[in-house]
Every structure is written in C-alpha cells, then in structure tokens.
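Sharing a structure here in structure tokens format.
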There are 2 protein chains.
Amino acid sequence: MSEKQLSGIKEIARIAGVSIGTVDRVLHNRGSVSPGALKKIQAAIAQINYQPNFIARSLVVNKMYRFAAIVPDADGDEYWEQILKGFTAALEDWNHFSITVDLYQFKLNSKTSFTRAASLALKSLPDGIVITPQFYQESIAFFDKCFKLGMPYVTFNTYMPEAKGLSFIGTDSHLSGMVAADLLYMGMAPNSKMIVLHFDEELQNSKHMLEKEDGFRAYFKKSPKNNQQIKTIVLNNPSHNYQKELKKLASSNEVDGLFVSTSKAYEIASLINTGKEKRIKIVGYDLLPKNIELMQRGAIDFLINQNPMQQARMSITALANYFILKKKVIPLQFFPIEIISRYNLSSYLNNDTHLLNEVIP
Amino acid sequence: MSEKQLSGIKEIARIAGVSIGTVDRVLHNRGSVSPGALKKIQAAIAQINYQPNFIARSLVVNKMYRFAAIVPDADGDEYWEQILKGFTAALEDWNHFSITVDLYQFKLNSKTSFTRAASLALKSLPDGIVITPQFYQESIAFFDKCFKLGMPYVTFNTYMPEAKGLSFIGTDSHLSGMVAADLLYMGMAPNSKMIVLHFDEELQNSKHMLEKEDGFRAYFKKSPKNNQQIKTIVLNNPSHNYQKELKKLASSNEVDGLFVSTSKAYEIASLINTGKEKRIKIVGYDLLPKNIELMQRGAIDFLINQNPMQQARMSITALANYFILKKKVIPLQFFPIEIISRYNLSSYLNNDTHLLNEVIP
DNA sequence: ATTAGATTTGTGTACGTACACACAAATTTA
DNA sequence: TAAATTTGTGTGTACGTACACAAATCTAAT
C-alpha cells in the first residue's frame, strides 16, 4: 500500500506548503493571504485541476433558506397543480437541507393580483424567488425592484429575455409552435384549414402563447407549399356558446387541424372528436390527466410535453444549487421539446429515469 | 433561537436513549444489540421517518471499485462510440470517488468473441459488471456464471427478461417499433408499401431488432385498416449490390416508407432521398452525427432516440449507487421513447437539462 | 530594542455517517 | 469463586469542506 492519497483542499495545501486554512481563504477570496502564498496556492489549484467536492460542502453549510414562489393560483387547473407538485418534489429532493418555499399566488387573469403577490413576496425578504412572469410590463417592474434589492430570482414557464435573473427554465415556445405545426401538417392535404386556438382572456400579456402562434405560422411561411388557411380563435369565457360553434365548425368542412396553444386541448377534444363527426387532428400541450385520457381514446393526436412539474422542481433546485452548493447555475435551460403520441405516451408516464436518479447533489 | 436541532442517526440515538454506535449497529444489522435497545431504536427510526443521508455516507466510504464493461468493439461505429462516451461521462460524474471501468470488448458478429470477453471480464474478478447481452444463449450462460460467483451485474441496451441482474437500462424495443410504425404510417395512403430494414448479419441473435419489427407489425395488426404490405429486408454485408437494389426500389413504386431497425438510417437515407427520385419516408434510430445531418437536410423523417450514451452512463451509475451509496437500484429502467423530428432536433442537441443537473449525489 | 498593532497563518470543531476499538456487564468455563 | 469468554454499549477518528479563533509573523513607532 502506498501513502494515503490526499485530495482536495488538503492536497492543495500540501503542494503549496501552506495550511488548509490559507487554501480556504484563497478559494473563497476572503483575503488575508500573502502574495507569495497566493501564487503558490493558485499554481497548486491549477496543477491538480481542483474541483470542489459539493458533497462535502453541502454537509457543512446548514443555514435555513427561505424561498418565495410567485405563481398563479391553481384553482383546479391541473397545469398549475403540477407546478405546485414540482415544489413539493423539490423539497423532498433537498430534504436533508433546511429550505422552505412560501407560495405567493395570484389570479391568472388579474394584473393587479400579480403585482400584489409579487410585492408581498418581496416584502417578506426571502433568500430567493422563483416566478412565472405572466404579465409583461408588471414583470419588468418586478425585476427592476429585485435588481435594486439585490434579490436573486429564477424565472420559469414563460420566457422573457428581459428577465436577467439567475436562470430561466422552461420551453422554447416559438420552436414548440413550429414542432406543433409540423406534427399537425404531417399527412394533410396542402390546402387544408387549420385553427390556432387560444384559451385566454388576456392574450396580449401571455407572451409565450403568442410566440407559439408565431412559431406555428412561421413553419408555414418557410414551407414552399404555404397555401394553408390559418385562422386564430381566442376563447375568452367558456360559455355554452362556443361549444355549439365548435361543433358546427367541426361538422362543417371548415377545419382539418387544430392547434391548442395551452394545456387545455382536452376541453376541445372532448367536444369534437367524439367519433361521429369528421375527425379533426389536434395538437396540444402537456400530459395532464384529461389530456392523457383523451389521447388514449384517440381524440388528441399529439401533445408537446412542457413538463410543468420539472420546471418548478428545477427552479427551486437552481436556487438551492446557488445558495447551498454554491454551484454555477445555467442561465438558460430550455427543455427538449418532447413529442408525445398515443404510442410513446405510456413510456413517459411514471417514468423519471430520464432524470438520471436523484436530482441533487 | 431554539435548541440545536439534531438530525439523522444522532436524533434517533437521542430519542431511543442510546448511543449512535448502537443505532449504527441496528441500521446495518451488525448484531450485538439487546432486544430492548433494538425495539426502542426501531421505534425512533419509524418516528422520525429516517432517511439516510447519502451525501454524508458517500464521504465516509472511500474504497476503490473496479467495474468491468462487456460491450462491442466500437470499431468506428458511432453508436458504440457513444456508449464508450457514456462510460467516460459516468467516470466524471463520480470523479470524487475511486472507480474504474475496464473494457472487455467483443466483435459484434462473433459469439465466441462475446463469450471470450465475458469470461475474461469475469476472471478479472471486478466488483461489478455492465454488459450488453447481444447473444441470447451465450448471455444466459454468462448470467449463470455470475449468479454462481455472486457477481453483481447490470444489463443495458438489449432487454432480456431472463437477465435477473441488478438492473436493466434501455429502451422498450417492442414499443419503440409501434411508435415507429405510427410515425411512418401517419399521413400515408392506407395501402402503402413499407419495408422493415435490418442491418445485421446475425439477426436471429439480436433480440431487440426482432422485437422492434414485432412492434412495428403489431401496430398494423391492431389497426382496422391493415392492408399494408410490409416487407422485411436484411442487409448482410454492405456491398455495392444493395445500393443499386435500393435505388431501384426507391425509383420504382415499390416503397413508400422505410423503417430502419438500427441506428444506421443514414446509410440508406444518403442513398435514396437525394432529391431527384420519389421521396421515401424514413424512420430510424438515434441521434448520431450522420443521422442528424441527414435529418437536417430532410432525408430522414423521424428518429427514435435510444440515448446510448445515457444508457451506458446510467449503467455505471447503477453500480456506483449500489456499491458506494448503497442505494436501492431500480431493476427496470425503460427510457421514455423520444420522438425526434427535424424541428425538435435542435432542442435535444447539447442539452442535458432533462437530466436535472448532476447525476450524482 | 521593545512593544503595540496589523497582517498572515495554523488549528480546532462541526456537518452526518461508518467503522474500529475500548471497555463494562453478563455469561460461561474451569 | 476466579478466570475466560461473549455480548452489549459508548467513544474516537475519519471523510472534505467551512469558518471561527488562536497563534505566529511582520511592520512601524517609540
């Protein structure tokens, strides 16, 4: 047996001929290090290509961290429920550390509610914030306040280039719109009729929905065979009127394909692809229970998985990495755009293996 | 500030009124614990729902582990190169631990070579083995030997229900064949002609290729409109003959769609979808550089991502979890079947975010 | 040359776990 | 009943890192 192999900070200390305390001061630039020692230590660090051991580090740092999450009121909406589940999952991931996530929820259709939640969150002075920036102007204002306070934040779900936070985590909406167009168009006649369907009362503020539509339309502009008729419909309040309208639309020859820009494809699919009328191809978003069921029944053709749960989970993880492990956080984390059909669906359900074992550290 | 909060093994000891040494003996059933103490400790463990801290554990145990990998000779084949890269990635993941992976490679078309590699690996008496069980009978024999030796092993890439190892990691081939069929058939005329194309000299032994074909055909059997003509072609040795044949096939009206059961779709796509002849739809496997390029040029329609690199990476991780962290290893880890088209392709390249940060603890 | 003050460096303890070892108590053997 | 053995229990050290504090060294003013 050879000498006991030192590693890490101790090995640096040995090579540089100083104590680990001095090495530690260099690694954390705490100062109080003589130029000579500094140089020797830096050389040693380079020499052994030192990589900090996050495992050991995490064992030491044991402060309490309080995070605030500014997200919509789920209010029965499964998409936002999944986001909440993501927070729970993250808390379990990090169960050996003391972190808490306080929810500051707002009404999806109310800017003032959003602003109120945001400022309440800020006022509580958490260590860090995760936020879905639903409203453009209001979010800008929020980021500004954070900047002034030096408050670290992570955005997710809705991408805003203006949000210069620690990280954004979510989908490339524009690209996902193109993918959707491709899936919808596939196998259709060149001059078929398509509808882009938005569920929203405040479309103007939901940037990512507009981006999805942009991507969708961009696909056909690029394509040489661009004689598709694309119509946009915005559903404001789900009254009984639109059901009739849609049914009529479906039975007439007015629609061949439907692109639903939100996770509510099931609302439409349950109305129109019931089997008697002409089959309309539908592409939507997200593996929500109702979407899954309708896809299994053949009423929805494709879903693009935005993975809301993982988005939320990773948002918290980003903060935790930043604070607890002091790891570098990737500033832009676009998820792969997962195409789900009736056939690969099952392989995505209850399957986190693509998340390689544990999330942390 | 309240009392310093104990946690883990210490807290158990406090509640049970014993020392941590005794708790430790219970947790690892090392014996030498009185019935009374045992009972109290078990109660305490249940009470606080103790979850071992793998982080702290990994810090302590610092043995050297030597793993053997029985995999094909890459020999320029990008698929197997990726597998090797996966091992490298795993070694980096676990760089704070002492693990090594010794390669025992065999020729893809030689059973004897496989058997030799396997027994060499076994003879080296590693701590654990990862293996792609390419040949059925020979693999069975190998598992048998492992069992007798008490040698832990992980299989990947090719699923064998008979392999009762620690874990299998890979794709559900049958299901992937169905997905492929669905993608290929989409938008095609009901009576279109399809070809299943295998690249293999020993098809009989490549179970997962047969399973892919089975899945592919099963898709059409289920479907009510099952008047497709499906032909199977096996390409043995890539001579110049088959190029001519395929070209002729392509320009004639004999083929509408092509399902390539291996990762070599590029070999065909580069021949037949060059732009002049009739366009043939192609579905293949894996994001290899050549496939990526041909997909970007529009010559390949869909790829199913089997993620060879992640398979290899997770195989090693499974062993490491088992030995180092003493975590439970999931015995069956089917990857989600990732559908890649020209449009979502970019979101899969250079993107490991779906692997949530780091692999390990 | 002495000493106060500032600067630099080293040491000790802790994090949660594993394991070797020491030692007391209980039990068996002579 | 003393000695030898077994059984049960607690203590100490280590893993790699962070940080508080003590110790050592250097600087400058007397």
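In what follows, chains carry the letters A, B, and so on, assigned in the order in which the sequence lines appear, proteins first and then strands, with residues in each chain numbered from 1.
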**Message:** Among residues at least two apart in sequence or on other chains, which ones pass salt bridge (charged side-chain N to carboxylate O under 4.0 Å, His left out) with D144(A)?
**Reply:**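 With neighbours one apart ignored, the set is K148(A).
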Distances for protein N or O near nucleotides 18-22 of chain D N or O, under 3.5 Å:
| residue | atom | partner | partner atom | Å |
| --- | --- | --- | --- | --- |
| dA18(D) | OP1 | H28(A) | NE2 | 3.1 |
| dA18(D) | OP1 | R57(A) | NE | 2.6 |
| dA18(D) | OP1 | R57(A) | NH2 | 3.2 |
| dA18(D) | OP2 | H28(A) | NE2 | 3.3 |
| dC19(D) | OP2 | R30(A) | NH1 | 2.7 |
| dC19(D) | OP2 | R30(A) | NH2 | 2.6 |

**Request:** Report yes if a side-chain nitrogen or oxygen of S32(A) is closer than 4.0 Å to either non-bridging phosphate oxygen (OP1 or OP2) of dT8(C); otherwise report no.
**Result:** no
**Request:** Go through the structure and list residues passing side-chain hydrogen bond (donor to acceptor under 3.5 Å, both in side chains) with Y50(A), not counting sequence neighbours.
**Result:**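 Residues passing side-chain hydrogen bond (donor to acceptor under 3.5 Å, both in side chains) with Y50(A): none at all.
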**Asked** Does dT17(D) have OP1 or OP2 sitting under 4.0 Å from an N or O in the side chain of S58(A)?
**Response**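 Result: no.
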**Asked** Quick one: I55(A) CD1 to dA14(C) P, roughly how many Å, whole number?
**Response** 23 Å
**Pairs where residues 16-27 of chain A contributes a residue and the test salt bridge (Lys or Arg N to Asp or Glu O under 4.0 Å) is met, not counting sequence neighbours** =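 Every salt bridge (Lys or Arg N to Asp or Glu O under 4.0 Å) pair that includes a residue of residues 16-27 of chain A, provided the two are not neighbours, is D24(A)-R30(A).
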**Message:** What is the distance, to the nearest angstrom, from the CG atom on L325(A) to the C1' atom on dC15(C)?
**Reply:**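 About 14 Å, once rounded to whole Å.
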**Message:** The criterion is salt bridge (charged side-chain N to carboxylate O under 4.0 Å, His left out); which residues satisfy it with K85(B), sequence neighbours excluded?
**Reply:**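 For K85(B), the residues satisfying salt bridge (charged side-chain N to carboxylate O under 4.0 Å, His left out) (neighbours in sequence not counted) are E78(B).
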**Nearest-Å distance for atom pair CG/P, residues N95(B) and dG16(D)** = 13 Å
**Message:** Tell me every residue that passes ring pair (Phe, Tyr, Trp, His ring centres under 6.0 Å) with F142(B), counting only those two or more places apart in sequence or in another chain.
**Reply:**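 Per chain and number, F142(B) pairs via ring pair (Phe, Tyr, Trp, His ring centres under 6.0 Å) with no residue.
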**Asked** Mind checking whether F143(A) and Y153(A) have parallel, tilted or perpendicular rings, split at 30° and 60°?
**Response**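 Parallel: the ring planes of F143(A) and Y153(A) meet at under 30°.
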**Message:** If I take atom CZ in residue F97(A) and atom C1' in nucleotide dT17(D), what distance separates them, rounded to the nearest angstrom?
**Reply:** 13 Å
**Partners meeting side-chain hydrogen bond (donor to acceptor under 3.5 Å, both in side chains) with E11(A) (sequence neighbours left out)** = R14(A)
**Prompt:** What base-paired stems does DNA chain C take part in, with at least 3 consecutive Watson-Crick or G-U wobble pairs and both distances under 3.5 Å?
**Reply:**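 Result, WC/G-U stems under 3.5 Å: C:1-30 with D:1-30.
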**Asked** Roughly, in whole Å, what's the span from CG in N53(B) to C1' in dC15(D)?
**Response**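 Answer to the nearest Å: 13 Å.
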**Message:** Can you list everything that forms a side-chain hydrogen bond (donor to acceptor under 3.5 Å, both in side chains) with E162(B)? Sequence neighbours excluded, please.
**Reply:** Y136(B)
**side-chain N/O T22(A) vs dG10(C) OP1/OP2, d < 4.0 Å** =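 Result: yes.
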**Message:** How many whole angstroms separate atom CD of Q51(B) from atom P of dT17(C)?
**Reply:** 11 Å
**Asked** Got a sec, which residues hit side-chain hydrogen bond (donor to acceptor under 3.5 Å, both in side chains) with Q306(B), two or more places apart in sequence or on another chain?
**Response** K212(B), D286(B)
**Request:** Provide, to the nearest angstrom, the distance between the CD1 atom belonging to I324(A) and the P atom belonging to dT17(D).
**Result:**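 About 18 Å, once rounded to whole Å.
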**Request:** Would you mind reading off the distance between L59(B) atom CG and dG16(D) atom C1', rounded to a whole angstrom?
**Result:** 5 Å
For residues 33-40 of chain B, which side-chain donor-acceptor pairs fall under 3.5 Å, sequence neighbours excluded?
| residue | atom | partner | partner atom | Å |
| --- | --- | --- | --- | --- |
| S34(B) | OG | A37(B) | N | 3.3 |

**Prompt:** Does NZ or CZ of K327(A) come closer than 6.0 Å to the centre of the six-membered ring of Y322(A), within 45° of the ring's axis?
**Reply:**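 Judged by the rule, K327(A) and Y322(A) form no cation-pi pair.
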**Request:** Give, ordered by number, those residues of residues 35-45 of chain A having at least one heavy-atom distance below 4.0 Å to an atom of DNA chain D; if nothing qualifies, reply none.
**Result:**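 Heavy-atom contacts with DNA chain D come from no residue of residues 35-45 of chain A; none.
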